[in-house]
Amino acid sequence: MSDKVSVYRKEHFNAAHRLNNPAWDEATNERVFGKCNNPHFHGHNYELIVKLTGIPDPATGYVYDMKKLSELIHENVIEKFDHRNLNEDTEEFKELNPSAENIAIVIYNILRKKIDAALDLHIRLYETERNFVEYPAT
Amino acid sequence: MVYITRIEHFNAAHKLYNPDWSEEKNDEVYGRCANKNWHGHNFELYVTLKGEPDPSTGFVFDVKKLSIIVKEHVIERLDHKNLNVDVDFMKGKLCSIENLVTAIWNELEPHLPAEVQLHCLKLYETPRIFVEYYGD
């Protein structure tokens with residue numbers, strides 16, 4: 001049996017966005033993205049669950065200090081996206097459609113650089129209570 | 001007397017912004033909620049009716065019919081919209097949930113059958129923030 005343990009930290013942010021592909025005409029965007037294409041934006045309460053998997057440190061018993069994990073997520077993700085318009089206010093989505101899938105990948109890439117490579121990182125992102133995505137896919 | 005509640009939901013963008021104030025004053029009062037480029041929420045709307053169950057159906061009111069009325073007169077006008085820009089009944093109003101819940105009451109109430117009493121609207125902006133309105 002593996003000694004690895006998964007720990008999870010839940011955080012949340014609120015943001016506006018729209019789904020739009022600038023390479024398509026209005027009718028195609030409307031057909032593919034429907035109400036999500038509203039040019040005046042709409043928005044969500046996003047719930048973010050960050051999962052780290054590794055062997056607990058024998059000295060602390062921790063896979064990762066959860067308080068530090070919370071601070072790391074706040075400084076690098078929540079501050080960037082909370083109460084923002086993802087399309088208008090963030091560098092990450094200037095050229096990238098802010099679908100839940102792409103938001104999860106962006107968050108993964110931001111956090112991956114900040115967390116010891118010995119720990120596995122996994123992102124679950126809820127766009128609504130009933131729609132959520134996971135990255136990397138297992 | 002029995003209370004029956006139907007929950008509906010919608011997603012929308014908004015900002016809190018008083019056009020009579022300077023940008024600094026808006027920032028001071030509303031903080032991040034005043035972001036000029038909007039932010040957004042998943043809203044949950046609880047619609048509660050009050051009444052005696054009809055002896056022939058057992059219903060205070062058919063909740064399927066209630067859902068259709070709420071969707072037609074409220075949800076379709078709010079879902080995936082910008083509350084400040086796209087919603088006629090919020091024009092000229094500050095888009096706080098307090099103002100939104102009273103406006104929803106005014107839109108919904110006239111469309112409910114006379115035998116039904118609208119008791120309460122509860123509106124969640126986030127899982128931790130909600131308002132209640134009883135029509136008074």
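Chain naming here is simple, since letters A, B, ... match the order of the sequence lines and numbering starts at 1 in each.
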Exercise for the section: Please name all residues satisfying side-chain hydrogen bond (donor to acceptor under 3.5 Å, both in side chains) with B/N35, sequence neighbours left out, ordered by chain then number. Expected result: A/D89
Practice task
Could you look at B/H14 and say if it's the side chain, the backbone, both or neither that has a heavy atom under 4.5 Å from chain A?
Solution key: neither
Exercise for the section: Check whether B/E44 gets within reach of chain A through its side chain, its backbone, both or neither, counting any heavy atom under 4.5 Å. Expected result: side chain
Completion exercise
Residue from B/N84, B/N42, B/T126, B/N82 scoring the most non-hydrogen pairs under 4.5 Å with chain A is B/N42
Handout entry: Parallel, tilted or perpendicular: ring planes of A/F81 versus A/F93, cut at 30 and 60 degrees
Key = tilted
With chain B, which of [options] has the greatest number of heavy-atom pairs at distances under 4.5 Å?
options	result
A/H42, A/R84, A/R18	A/H42
A/N38, A/D82, A/L86, A/N37	A/N38
A/F13, A/F41, A/Y46	A/F41

Determine whether the side chains of [X] and [Y] contain a donor N or O and an acceptor N or O closer than 3.5 Å.
X	Y	value
A/N97	A/N102	no
A/H40	B/D86	yes
B/S67	B/K71	yes

Problem - Residue A/H12 versus chain B: region with a heavy atom under 4.5 Å - result: side chain
Exercise for the section: Run through B/L112, B/V63, B/V47, B/I7 and flag the one making a side-chain contact (heavy atoms from CB on, under 4.5 Å) with B/V70. Expected result: B/V47
